[in-house]
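In what follows, a single structure is set out as structure tokens and then discussed.
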Number of protein chains: 2
Amino acid sequence: MALRRIDPASDRAVYRQIADHLRADIESHERPPGSQLPSESSLVADYGVSRVTARRALSVLVTDGLAISEHGKGWFVRRRPPVKRLSSDRFARRHEGKAAFTVDMEANERKFSVEVIYVGQGDAPPEITSRLGLPPGTAVLVRRRRYLVEGQPTEFATSYIPLDIAAGTPIEQENPGPGGIYGRMEDHGLVFERYDEEISARMPTEDEARHLSLPAGSPVLHLVRTAVASGRVVEVCDTIMDSAAFVLFYSLPAR
Amino acid sequence: MALRRIDPASDRAVYRQIADHLRADIESHERPPGSQLPSESSLVADYGVSRVTARRALSVLVTDGLAISEHGKGWFVRRRPPVKRLSSDRFARRHEGKAAFTVDMEANERKFSVEVIYVGQGDAPPEITSRLGLPPGTAVLVRRRRYLVEGQPTEFATSYIPLDIAAGTPIEQENPGPGGIYGRMEDHGLVFERYDEEISARMPTEDEARHLSLPAGSPVLHLVRTAVASGRVVEVCDTIMDSAAFVLFYSLPAR
DNA sequence: TAGTGGTCTAGACCACTCG
DNA sequence: GAGTGGTCTAGACCACTAG
């Protein structure tokens, strides 16, 4: 964090050089997560650049997911919530009467909560009805909720369930009871065979960024789970996760 | 793509309004992938804003992963390489004598190639030696390579293998032969038990962005695979993937 | 009120691409 | 050479946060 100067002979743009200095400080933990970065005016004074250039340097760090700005307060090194999501034994342990998310979080000893945003009939996007094996436009049960870990939103999930499975069962309730919706499906004789998960990553839409309180430069993990029971698809769950908060874990047997 | 105007009464910043217009055109495919966006000067003329504001609007799209700029040429709607990576049957099919990546790509009928960057002894980061069950600083065999799909780099992988397994075997060669390094390990009597995979997503480092020719606003998928055979960890493979090029697929049995 | 970031302007010089 | 993006400056006004 020693005072560094711009090399005017360098090919590297001035704003990048300043960003490099700050990045080095962040990566070496000389500027720890949550600490305040130099203000724009102090960069202007220290480096002898215009305010626009100082801002650009700081913006580079935001784009790289290393910093955030807070209006009226300053620029700060971004805090990273460390959370781990288990997978392979996630569904096995569900049989003890807990929903998958509960199992995941308890395995990591964190305080969590669930916010139900919407439960009721609704339309599903065509990609979803197609996975469910239903004609486009078919009404389904929609369960939309947001998961919070230690007060911070980290995950935003929407489940789609065929109405012939959900109608008249506790699956239509906000709280479907012990074991979650999978438990209720088993009560009705459905035998689960497998869960297929597709994972991708991308930048969030503006909506997603708002729902998850994501700073700029923070990608999301997109997970689509298809649950198969008794020979048919009984649920498609579309999940958007703060990528800074999750590591997904899969254990594949060799044979 | 009709001529739209800025609403000066709106709370939304001018550069965001312009970005919104362009984003809508991109998402509706009125501006298809690869097409040229309006030049900075034409935005200046059409919207009556300064060049800085026009550039900021375009930069928003870059940060969101929707556009790229090419010096001297213009701004373009980003092309997205569609590729799918299979997982669950990836290792099962390896036994036919093909490496996992080959299986993945053939399943998607794409032209691919592998570039070997380095094969030889080297140091492994402490996270890696710890996974391998070796003391920090132990030398290991390092195999670093880059995978290209249809000429575009999409994946950058580094394998770390304990020397007592690799030394004196074709694993130390650039081309380890049919079935890849796993095939050679089996030749020596190792029996594979499972592959553990940890997946996360984040923004790339500058190095990673260069190696993968990633535009700004393009996150990477980070996959760390730990191969367990005959009761010990025989390889850790650290993979960085262009998130725009991959969808990871896992099938989890219910019991 | 003082300090911080958020937005915008007008103008400059440079480097790259293409015909 | 004409057009495109890349970088930088000096200055302005506004909005938010704090003591």
Side-chain angles (χ1 to χ4, degrees), chain A residues 5-22 31 34-64 66-78 206 209-210 213 215-217, chain B residues 5-22 31 34-64 66-78 206 209-210 213 215-217:
Chain A
R5 303 202 163 280
I6 296 304
D7 174 8
S10 166
D11 276 349
R12 199 154 175 83
V14 173
Y15 77 92
R16 288 190 188 277
Q17 292 186 49
I18 299 174
D20 289 344
H21 295 171
L22 296 171
R31 298 187 181 275
S35 65
Q36 185 161 9
L37 289 164
S39 71
E40 298 174 9
S41 50
S42 71
L43 288 179
V44 167
D46 291 350
Y47 285 99
V49 295
S50 72
R51 189 177 157 218
V52 174
T53 301
R55 277 180 65 79
R56 264 181 102 183
L58 291 161
S59 302
V60 168
L61 302 177
V62 172
T63 301
D64 291 352
L66 293 174
I68 58 165
S69 66
E70 293 186 38
H71 196 172
K73 294 165 98 178
W75 300 75
F76 300 86
V77 179
R78 194 169 145 205
E206 215 158 326
R210 196 170 43 251
S213 310
Chain B
R5 302 203 163 279
I6 295 305
D7 174 8
S10 167
D11 276 348
R12 198 154 176 83
V14 174
Y15 76 92
R16 289 189 187 278
Q17 293 186 50
I18 298 174
D20 289 345
H21 294 172
L22 296 171
R31 297 185 182 276
S35 65
Q36 184 161 10
L37 289 163
S39 70
E40 298 174 8
S41 50
S42 72
L43 288 179
V44 167
D46 290 351
Y47 284 100
V49 297
S50 71
R51 188 176 158 219
V52 174
T53 301
R55 277 181 65 78
R56 264 181 103 184
L58 292 161
S59 302
V60 168
L61 302 177
V62 172
T63 300
D64 290 351
L66 294 173
I68 57 165
S69 65
E70 293 185 38
H71 196 171
K73 294 166 97 177
W75 299 75
F76 300 85
V77 179
R78 192 168 147 204
E206 216 158 325
R210 197 170 43 249
S213 309

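Note that the coordinates shown come from a computational prediction; the quantities given were computed from them, not determined experimentally. In the text below, chain A, chain B and the rest are named by the order of the sequence lines, each starting its count at 1.
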(request) Ignoring backbone atoms, establish whether A:S41 has a side-chain N or O less than 4.0 Å from OP1 or OP2 of C:dT4. (result) yes
(request) Hey, could you give me the CD1/CG distance between B:I68 and B:L58, rounded to the nearest 0.5 Å? (result) 12.5 Å
(message) What is the separation between atom CD on A:E70 and atom P on C:dG6, rounded to the nearest whole Å?
(response) 10 Å
(message) I want to confirm an ordering. Mapping A:V52 and A:K73 to their closest nucleotides on DNA chain C, which one lands closer to the 5' end?
(response) A:K73
(request) Respond yes when some side-chain nitrogen or oxygen of A:Y15 is under 4.0 Å from OP1 or OP2 of D:dT7, and no when none is. (result) yes
(message) Salt bridge check, B:R12 against A:E206: does any charged N sit closer than 4.0 Å to a carboxylate O?
(response) yes
(message) Judged by each residue's nearest nucleotide on DNA chain D, which is more toward the 5′ side, B:S39 or A:G72?
(response) B:S39
(message) Please check this pair: side chain of A:Q36 against backbone of A:K73, looking for a donor-acceptor N/O pair closer than 3.5 Å.
(response) yes
(request) Nearest whole angstrom, please: distance from the P of C:dT9 to the CZ of A:R55. (result) 15 Å
(request) Nearest whole angstrom, please: distance from the C1' of D:dC16 to the NE2 of A:H71. (result) 5 Å
(message) Between B:T63 (side chain only) and B:S59 (backbone N and O only), is there a donor and an acceptor less than 3.5 Å apart?
(response) yes
(request) To the nearest Å, give me how far apart CZ (A:R12) and P (C:dA15) are. (result) 17 Å
(request) Output yes when at least one side-chain N/O atom of B:W75 is less than 4.0 Å from OP1 or OP2 of D:dT4, else no. (result) no
(request) Please state how far atom CG in B:L43 lies from atom C1' in C:dA10, giving the value in whole angstrom units. (result) 17 Å
(message) What is the distance, to the nearest angstrom, from the CD atom on A:E40 to the P atom on D:dC8?
(response) 16 Å
(message) Any side-chain N or O of B:T53 below 4.0 angstrom from OP1/OP2 of C:dC8?
(response) no
(message) Tell me if a side-chain donor or acceptor on B:D64 pairs with a main-chain N or O of B:L66 at a distance below 3.5 Å.
(response) no
(message) Could you check whether the side chain of B:R56 and the base of C:dG6 have a donor-acceptor pair of N or O atoms closer than 3.5 Å, going by distance alone?
(response) no
(message) Does the structure show a Watson-Crick or G-U wobble partner for D:dC13, both distances under 3.5 Å? Name it, or say none.
(response) C:dG6
(request) Find the distance A:Q36:CD to D:dT17:P and express it as a whole number of Å. (result) 14 Å
(request) Check the distance between C:dT7's P and A:R51's CZ and give it to me in whole angstrom. (result) 10 Å
(message) Can you see if the side chain of B:S50 gets near the phosphate of C:dG11 - specifically, an N or O under 4.0 Å from OP1 or OP2?
(response) no
